[in-house]
Amino acid sequence: MKLDKLRNIGIVAHVDAGKTTLTERLLFVAGATHYIGNVDSGNTTTDSSAQEKAKGITISSAAVSVDWNDSRINIIDTPGHIDFHVEVHRSLRVLDGAVFVFDSVAGVEPQSEANWRLAEQYKVPRIALVNKMDRIGADFEKVLAMIDERLGTNPVAVQLPIGNEHNFQGVIDLVSMKALVWNDDSSTGFEEREIPDALISKVKEYRAYLEEQVVELDEEALLDWLAHGNLENEVLEKLVRQATLARHCVPVLCASAFKNKAIQPVLNAVEKFLPSPLEVEAISATKIDSKETITLGVSSSEEVSALAFKVVNDSHGSLTYLRVYSGTLKTGDKLLNTSKGKLERIGRIYQMHADKKVARGQASAGEIVAIMGAKVTGTGDTLCSQSLPILLERIEIPRSVIDIVIEAKSKEDATKLSHALDKMLAEDPSLKLQVNDLGQSVLSGLGELHLEIVVDKLKTDFNVEALTGRPQVAYQETLTKSVEVTYRHKKQDGGPGQFAVVRILFESIDSDEIKFENKIVGGTIPREFIQGVEKGIREAAQSGVVAGYPCKGFEATLIDGETHENDSSLLAFQIAGKEAFKKAAVQMEPVLMEPVMKVDVVTPLGYIGDCIGDLSSKRGMVTGQEANGANVVITASVPLAEMFGYIGHLRSLTSGRASFSMGFEKYARVPKDLVNKIIGGK
């Protein structure tokens with residue numbers, strides 16, 4: 001496959017906008033499948049796990065491929081639920097383009113906004129699809145305006161709908177100036193017709209606006225347009241592609257995926273408007289030896305480099321998904337994992353089609369494949385030729401905000417549980433596992449549903465029964481003042497002695513991390529002992545100061561110290577670092593912090609007062625209201641501790657007519673009157 005004919009794209013949207021249904025139709029129309037799966041029936045190609053079939057939502061991103069015209073399109077269907085946002089992070093990191101799907105009634109929903117920001121961060125060109133045009137209340141132009149207002153982008157319609165709601169028949173292509181009409185809901189075939197007379201005026205208006213938005217990108221085309229007042233169709237198509245690749249504008253299409261209408265034009269738009277691997281911004285990497293930044297050439301003849309963006313464990317072993325950025329990856333290659341500093345032998349290489357594998361002998365630059373049986377490689381790791389050690393930018397992982405205590409149901413299951421959790425932690429980097437001060441294993445995730453799915457997978461995939469405590473908030477602590485302390489550790493009890501003296505400056509920083517800096521001069525503390533000081537500080541910070549929650553948001557600077565020629569050791573300095581932190585932390589006025597969530601409640605107008613009052617009673621701060629058809633969207637900042645079980649409460653409050661979504665916003669200080677209550681409830 002020639003690189004210029006390859007498209008690596010993601011299907012991205014808020015939950016229930018129709019991503020998986022669209023993907024299923026794309027596969028069928030392109031001839032990659034011979035039946036159309038249904039989300040409600042649990043038989044779609046990309047939602048293959050037991051949990052996805054039971055919940056009717058996408059939980060894990062799945063890769064499929066289709067051939068369309070003379071192009072190969074690799075598609076990743078991503079989750080829309082906030083609890084599985086890490087899947088969108090790592091998919092957009094390696095994709096060249098994206099199709100953002102919007103519900104024709106709801107328009108731009110909260111998770112769409114979060115996903116859009118990610119696409120901006122990773123500089124991914126995209127097209128938009130207004131789906132579900134057959135729904136009652138469908139409004140293409142309203143969604144077009146919402147994309148403009150809420151996402152701060154420049155949407156340009158390249159299609160207009162023919163009909164609306166149950167009368168939706170097809171689309172008018174504003175580039176070819178033809179009407180594409182589907183005759184019934186069961187057929188994927190369509191007829192090309194002339195534009196209906198009743199729509200000609202509107203079509204001319206939108207065509208003129210489309211030309212106006214893209215013509216400025218080409219001086220020759222601009223002069224021709226100014227002279228004649230219009231563009232040739234072929235020129236317009238070229239300019240729309242150019243504008244999309246430059247992220248100057250976003251082409252907007254419309255369809256009804258469920259009714260099989262206007263699916264072929266989506267594939268055409270992907271091929272025509274989204275980039276090949278040759279057309280995206282060049283990938284930068286850092287050379288390990290010199291720290292020099294270099295640009296990787298997208299060529300099979302270069303030194304090989306690849307980024308691992310996903311790990312999946314199935315019944316046959318571990319699959320690691322790779323985006324090959326340069327060179328040619330071959331079975332049997334020994335590559336350097338520069339993230340871990342270890343060698344990795346490339347086993348079997350596969351082209352993935354959801355949960356099915358097609359063996360490959362090699363993979364070239366620009367391709368997305370999976371390898372079997374990687375020993376050391378995890379999400380975000382770089383694999384490269386040993387002759388050119390480089391490091392690619394890692395994948396950003398969303399913050400875990402909710403905890404459960406987890407333990408094996410029986411002693412016999414303890415080893416199995418530990419083994420299963422190790423595999424799941426490797427598969428899902430947004431999961432965290434730590435031991436609390438009571439010796440209990442605490443599993444942290446992105447939300448209640450996230451952890452519920454994890455516990456269910458332990459049972460279905462690993463045959464492990466686990467006992468869990470109720471979900472708890474992932475509080476953390478931070479320090480608010482700066483202080484310098486000296487700690488002397490001296491122990492002599494008949495055996496080898498222990499001696500270490502450290503002088504450390506602890507400072508509060510506006511960051512969610514722990515920083516350590518060594519400013520020892522003259523070798524007063526040997527280099528081999530300094531890492532013990534840092535380790536001791538980090539270990540002590542894990543147990544916190546106020547209530548035993550991890551303490552973050554400070555920098556420790558090692559200024560000076562003393563050693564003894566016989567009694568100093570790595571362990572002695574580790575103890576000194578730990579005790580220095582404890583001594584300093586009390587003086588630094590530690591405070592308890594809690595995760596605050598951005599909450600969007602969609603409610604009928606008649607319940608708006610009840611919903612706002614209820615959010616206020618939960619220590620929430622309402623930050624905005626916006627009309628959305630017959631509903632109102634209330635935006636608020638609410639502590640996570642107040643949101644457990646909220647969906648049931650909201651349904652009761654609004655007779656089942658309201659819904660909500662939420663995502664992490666920030667950490668904020670817990671009010672003083674609640675700190676003792678939280679400590680007492682531990």
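Just so you know, residue 1 is the first one in the sequence shown, and it goes up from there.
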| query | Can T377 and E344 be said to form a side chain to side chain donor-acceptor pair (under 3.5 Å), step by step? | reply | CA-CA 7 Å; T377 302; E344 182 76 85; 2.8 Å; yes
| Worked check of salt bridge (Lys or Arg N to Asp or Glu O under 4.0 Å) between E579 and K583 | CA-CA 6 Å; E579 295 302 321; K583 181 179 178 182; over 6 Å; no
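Taking CD of Q498 as the reference point, atom CD of Q574 lies at 10.5 Å (rounded to 0.5 Å). Of the inter-residue distances, the one linking Y487 atom OH with I575 atom CD1 reads 8.5 Å to the nearest 0.5 angstrom. Note: T295 OG1 to I283 CD1 = 9.5 Å, rounded to the nearest 0.5 Å.
Heavy atoms of other residues, nucleotides or ligands lying less than 6.0 angstrom from NZ of K618 number more than 12.
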Mind listing the side-chain donor-acceptor pairs of residues 662-670 below 3.5 Å, one per line with the distance, residues two or more places apart or on another chain?
from : atom 1 : to   : atom 2 : distance (Å)
E665 : OE1    : S637 : OG     : 2.7
E665 : OE2    : S637 : OG     : 3.4
Y667 : OH     : A474 : O      : 2.5

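Remark: R126 qualifies as a cation-pi partner of W116 under the 6.0 Å distance and 45° angle criteria applied to the six-membered ring.
Among residues at least two apart or in separate chains, side chain to side chain donor-acceptor pair (under 3.5 Å) pairs with a member in residues 592-601 are E594-R619, K598-D600, D600-T635. Under the side chain to side chain donor-acceptor pair (under 3.5 Å) criterion, the residue pairs touching residues 514-530 are T524-D560, with sequence neighbours excluded.
Just one of T480, T478, I514 meets the side-chain contact (heavy atoms from CB on, under 4.5 Å) condition when paired with F554; it is I514.
Using a cutoff of 4.0 Å between basic side-chain nitrogens and carboxylate oxygens, K457 and E452 are not scored as salt-bridged.
With hydrogens and angles disregarded, no donor-acceptor distance shorter than 3.5 Å links the side chain of T563 to the backbone of I525.
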